[in-house]
Engineer: 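Starting off with a structure, shown below.
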Amino acid sequence: MQRYSLVNVIRHALRSNTRWQPAWRDPQPQRAYDVIVIGGGGHGLATAYYLARKHGLRRVAVLEKGWIGGGNSGRNTQVTRSNYFYPVSSAFFDHSLRLYEGLSRELNFNVMLSQRGLISLAHSEHELETNRRWANAIRMNNVDSQMLTPAEIKKLVPLLNLHSRFPVVGGFIQRRAGISRHDAVVWGYARAANALGVDIIQGCEVVGFDLAGGRVNGVQTSRGNIASDRVVMSVAGHSSVLAKLAGLRLPITTMALQAMVTEPLKPVLNAVVISASVHAYVSQSDRGEIVLGGGADAYNSYAQRGGLPLTRSTVAAAIELFPTFSRLRLMRQWAGAVDVTPDTTPIMGLTPVHGLYISCGWGTGGYKAIPAGGDTMADTVANNRPHPLISRFGLDRFPKGALIDEGAASGVAH
Amino acid sequence: MREPPREWHIDEPQARRTQPIAVLAASAAGVFQPIKNMLRISCPHCGIRDEVEFAFGGPSHVTRPAFEVSDAEWADYLFNRENPKGIHYERWQHAYGCGRWFNAARDTVTHEILAVYRMGDPKPVLPGAPRGRAP
Ligand SMILES: Cc1cc2nc3c(=O)[nH]c(=O)nc-3n(C[C@H](O)[C@H](O)[C@H](O)COP(=O)(O)OP(=O)(O)OC[C@H]3O[C@@H](n4cnc5c(N)ncnc54)[C@H](O)[C@@H]3O)c2cc1C
Ligand SMILES: [Zn+2]
């Protein structure tokens, strides 16, 4: 791998930048691998990377039907936080945030983590009470959080309208939260995995499994059959479709989650602002665009296209909070097919098919989980047992009734 | 049944058009004509109406098993879903209209509504099912 460094930038510049190598190879699929990872999103690529780096597995393939990062990992709003309510969620997501804090160095790729703080707003006394409970729970989980008065919020976010239709009566902040660059996370993991010998095979769709006696022996793809006795499914919105090919039914609903960006501005907003009540969240990207997100369309959808009623309500909520943004033009609006579980907690671990593993249910909030998801999934596959941090995220929590209703607890999805 | 409204396409690539936010918000408040990109659902009692009048009720034809089933079967009933890429048989309520529930068969890729039928009716036989093409 050609390292990215100041010295190399200067050396290449002197040669007119004509000698940069591609960041990853474009290999043909081999006949067999030690592990096959299906899905070239952040989770699949990070899993392959940690399998190679921490567990010494060299014959690993990532099979991606389109292009890497073409799914939700390249479509999200990049919110990176760990302010979860339950200890089990908090431990996992804070592990992820800690990995993010060292990720640019680990991957030799700038993921542009910007810990600018995430402010959750309260619009009523009742919501403020809930926020206080939530903020305290986070501190009990050993994660930073701090209550804010309206004046403190105004100081951090001068453009915010505190006296909107639903006045802002307070809120809380996780200062270590913020945003990072989603494409960089995907490309950084791909490049680093490739350097460790992982084959990243794009344009390769899995269309079936070779199963015998309750075990997996390989996959059928649009580019031929590939053998492996360890296969990981990390295909987000397509999890139900893929799992069905292995005879499994999942507690997943695929929905369209949309986001949109305005024309770029000079820096005006140096925090991520979330309002669960009016249901919008707002940040400014490093390119200057105002990034707006909201809830998912109510109905099942694989269309990767959000409906207009939600676009409108998101925009209406955002300009209620930031009236000045009403002057801006929207540049783009898009959606991803997100994999939502009944309790909004991910599903990770083993499946009833021996050698077949699953990482899904990331829903509206799995971008922040990519480093920890990859790390714990690789460990799970290498040892054929759930990593301790994800032992309660298994498929078996549903028959046991041991749900982790994190969405309800934290009151926000992203 | 009311007069069906003039034809329009739900697939219009609204995303490519640049809209000032204020126009979108104003249209949300009903100030301007609605922009064409939402479901148009035909309530069996009231006719074709905009998506915003309806509440989605999840998959239809989910049958509750007997009480003696295993935990696995009970969990399958409670939590597992067909979640197809293609035709989905689902429940809708005309919440801001007549209030009544009905079923629809809708393609989860194109969002096209292929059939509307009453609660309790069996799944309609649709030509060419299963469908759904890659986005
Ligand atoms: C609009 C939007 C905003 C979001 N905002 C945030 C946020 O602010 N913070 C946050 O933490 N999360 C956010 N998320 C959620 C986050 O993006 C996802 O949870 C996360 O990216 C999931 O990663 P993944 O690797 O599991 O899936 P993906 O990145 O979707 O990758 C799955 C891949 O599998 C491939 N695939 C599917 N079927 C097959 C097959 N049969 N064979 C081969 N390949 C296949 C797909 O092409 C795809 O590339 C958001 C999502 C959306 C859509
Ligand atoms: Zn009606």
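In what follows, chains carry the letters A, B, and so on, assigned in the order in which the sequence lines appear, proteins first and then strands, with residues in each chain numbered from 1. These numbers come from the heavy atoms of this one structure, side chains and all, not from hydrogens, waters or symmetry mates.
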Engineer: Supply the atom-to-atom distance B:L39 CG to A:L308 CG, rounded to the nearest 0.5 angstrom.
Structural biologist: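 Here the rounded value is 11.0 Å.
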Engineer: Looking at every non-hydrogen atom in both residues, tell me the closest pair between B:E82 and A:S240 and how far apart they are.
Structural biologist: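 Looking at all heavy atoms of both residues, the shortest contact is O-CB, 4.3 Å.
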Engineer: If you compare all heavy atoms of A:R249 against all heavy atoms of B:D76, which two are closest, and at what distance to 0.1 Å?
Structural biologist: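 Minimum heavy-atom separation between A:R249 and B:D76: NE-OD1, 2.9 Å.
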Engineer: Locate the shortest heavy-atom distance separating B:N83 from A:Y302; write the atom from each residue and the value.
Structural biologist: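 That closest heavy-atom pairing would be O-OH, 2.7 Å.
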Engineer: Do other residues, nucleotides or ligands put more than 12 heavy atoms under 6.0 Å from the OH atom of B:Y96?
Structural biologist: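 Result for OH/B:Y96: open.
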Engineer: With a cut-off of 6.0 Å (strictly less than), are more than 12 heavy atoms of other residues, nucleotides or ligands near CZ of A:R223?
Structural biologist: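 Buried by this count: over 12 neighbours within 6.0 Å.
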Engineer: For A:K400, is it the side chain, the backbone, both, or neither that has a heavy atom closer than 4.5 Å to a heavy atom of chain B?
Structural biologist: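 No part of it gets close to chain B.
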Engineer: Side chain, backbone, both or neither: which part of A:I252 has a heavy atom under 4.5 Å from chain B?
Structural biologist: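 Interface part for A:I252: both.
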Engineer: When heavy-atom pairs shorter than 4.5 Å are enumerated against chain B, which of A:T341, A:V241, A:T254 gives the highest number?
Structural biologist: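 Most heavy-atom pairs under 4.5 Å with chain B: A:T254.
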Engineer: CG of A:L242 to NZ of B:K85: how many Å apart, nearest 0.5 Å?
Structural biologist: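 Rounded to the nearest 0.5 Å, the CG-NZ separation comes out at 11.5 Å.
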Engineer: Should B:T108 and A:S301 count as side-chain neighbours, where that means a heavy-atom distance under 4.5 Å?
Structural biologist: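 No, too far: nothing below the 4.5 Å cut-off.
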Engineer: Does atom CZ of A:R75 have more than 12 heavy-atom neighbours from other groups under 6.0 Å away?
Structural biologist: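 Check passes, neighbour count above 12.
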Engineer: To the nearest 0.5 angstrom, please state how far the CG atom of A:D396 sits from the CG atom of B:D71.
Structural biologist: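 Spacing of CG (A:D396) from CG (B:D71) equals 12.0 Å.
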Engineer: Decide side chain to side chain contact (heavy atoms under 4.5 Å, CB included) for B:R106 and A:N300; before the verdict, give the C-alpha distance in whole Å, the side-chain angles of both, and the deciding distance to 0.1 Å.
Structural biologist: CA-CA 9 Å; B:R106 187 180 55 89; A:N300 299 42; 4.0 Å; yes
Engineer: Under 4.5 Å from any heavy atom of chain B, what part of A:L403 do you find: side chain, backbone, both or neither?
Structural biologist: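 For A:L403, side-chain heavy atoms alone lie under 4.5 Å from chain B.
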Engineer: Specify which of B:A72, B:P84, B:G58 makes the most heavy-atom pairs with chain A at under 4.5 Å.
Structural biologist: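 Top count of heavy-atom pairs under 4.5 Å with chain A: B:P84.
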Engineer: Please classify the contact of B:F79 with chain A as side chain, backbone, both or neither, using a heavy-atom distance under 4.5 Å.
Structural biologist: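 It is both, since atoms from each part get that close.
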Engineer: Where do A:T253 and B:R81 come nearest, in terms of heavy atoms and distance?
Structural biologist: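 Smallest heavy-atom distance, with atoms named: OG1-CG, 4.3 Å.
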Engineer: Would a 4.5 Å heavy-atom cut-off, applied to side chains only, mark B:H88 and A:Y299 as touching?
Structural biologist: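 They are not in contact (no side-chain heavy atoms under 4.5 Å apart), so the answer is no.
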Engineer: For the residue pair A:P309 and B:V52, what are the closest heavy atoms and their distance?
Structural biologist: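 Looking at all heavy atoms of both residues, the shortest contact is CB-CG1, 3.6 Å.
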